[in-house]
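In what follows, a structure is listed as structure tokens, so that the remarks can point back to it.
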Amino acid sequence: MKTNHKHRLGAGVQKELVPLDDLISQTVSASFAHADVYFKDVSAHEAAGVLAKACEVALVLDQEGFILDAAVSSEALLKGGAKSWAGRKWSEIVTIESEAKIEKILEESHHEGPIKAREINHSLPNSDDTPIHYNTVRLGDTGRLIAFGRDLSRLSHLQQRLMNAQLAMEREFSRLRSEELRYRTLFQLVDVPQLLLEASSLKVVDINPAAQRVLGINDRKALGSRVTQLFGSEESDVLHQLLRATLEENGARDVTVTMRGGRHIAIHAVPFHQERNAHILLRMEADSANVVPLTYAAERQTLDLVEHMPDAFVVTSENRRVMSCNPAFANLLGLSSVVAAEGEFFDNWFERPGVDCNVLIANVQEHGLVRRFATVLRGPYGRLESVEISASQMVQDGERLYGFLIRQSGSAALQGEDGGEFVARSNEQITNLVGHMPLKDIVRETTTLIEQLCIETALDLTKGNRVSAARMLGLSRQSLYAKLARDSDDEDA
């Protein structure tokens, strides 16, 4: 049997139950669906009490913005002098920037449609300025308005606390970055070989250049690998026992291990904790009978001499990126420091990067070294320097490295004299053709002339090496030989 569910809406009014979806849609609507049923017996005094308790500030206003009556339940507003608001104009108790907002509210109240909610800052004589979020509605056909306000001072205080916390975090972050920079600088520049390990996995977290030189490895090979792999296999057990004892006893330990080649290295292990993670710092020292300190001192002396030599010196990787250079190179090109050159392509500083640098590298690869290669370098601000470059190459850890010794050879303007004569000669040859043949024939003859001049220039730069000249011009050897044979036949004719 089908049951018809009903419920009572007021006295003697019965309707069927509304589906749940309809109830939800009515709940989120701007007004009650059955206000005439539920609120018809509510008195004016009761309605005023409900309004006063439903918000922290309720203002009854006339069309000119005078406060006819006010209900305030916020203790902060009452202490700030909100009791005296009744009888005053609304714009008199707010800050200057909020007066325009009140004018907007009063202007919208004279037209149909909803009145936009706004945030008004009240100026309190006994307290700080207090932000109030107001929703304003018309009070029937009386022409009066009622403004419901919600005190935002607590939210404002929370926002201020959040901002202060964010500023404190930024200051702390800046302090940590400064400390990390100091640590990185000291760790990288100190002459004592050091490794930083993760205690749980014994993997290398950081290694300084001094340790890289002692172990004969680079940081890319060391970082992330187990520390026992960096030493001789016969010493792995000894080193592993040292690290285990360091962690178990939480104290510094020492051991001497034999490196590949018979060198003896004393290792000092110190445990420490950072962010709840255990780490181990390894410091390596050579004993008095070891030759490593002397070799290391000689390396440092050589590096110091390169740093202070008057001629520029540059070391690049196989892909021609600058790995290191001395201050003389920065001064030669007008760079701000050697750091500005590191990581840049060496080709970028050639006046003719697609020609001179390719020829230079090709000869180094073919002959192993190059002496007094004449070219022109260009600084970042257009400064030209005529130089002579001596270059060599070496292979380290399977990677090819190039070294360049650069010496000034005179003014670039002097070097350009021959080039100016070269251009003038070609211009004269082209000028002589005008008037003697059609334009299309001049273009064909000009193309042949330019091709011949480019081949001659390439052969001059490569000292007559046709293989290098062909590579420079992007031609095969057969094509270059064919063009040379054609030019030779033209000259004989």
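Looking at Q160 and N164, their side chains do bring a donor and an acceptor atom within 3.5 Å of each other. In this model, no donor atom of one side chain and acceptor atom of the other lie less than 3.5 Å apart for R144 and Q63. Under 3.5 Å, the side chains of N319 and R400 contain no donor-acceptor pair of N or O atoms. If you check the side chains of Q408 and E385, you find a donor sitting under 3.5 Å from an acceptor. Between the side chains of Y183 and Q188, no donor-acceptor pair of N or O atoms lies under 3.5 Å.
Minimum interatomic distance between V364 and S392 (heavy atoms only, all atoms of both residues): CG1-C, 4.0 Å. Heavy-atom minimum distance, G334 versus P380: O-CG, 4.4 Å. Closest of all the heavy-atom pairs between A330 and V338 is CB-N, 4.2 Å.
Within the model, atoms CG of N358 and CZ of R320 stand 4.5 Å from one another, a figure rounded to the nearest 0.5 Å.
Between I132 and L77, some side-chain heavy-atom pair lies under the 4.5 Å cut-off.
Ring pair Y134/H122: centre-to-centre distance below 6.0 Å.
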>> Quick one, K89 with E92, criterion salt bridge (charged side-chain N to carboxylate O under 4.0 Å, His left out). Give me CA distance, side-chain angles, the key distance, then yes/no.
In response: CA-CA 5 Å; K89 200 169 184 179; E92 295 178 357; over 6 Å; no
>> Quick one, F404 with F346, criterion ring-ring contact (aromatic ring centres under 6.0 Å, His included). Give me CA distance, side-chain angles, the key distance, then yes/no.
In response: CA-CA 10 Å; F404 303 93; F346 188 53; 4.5 Å; yes
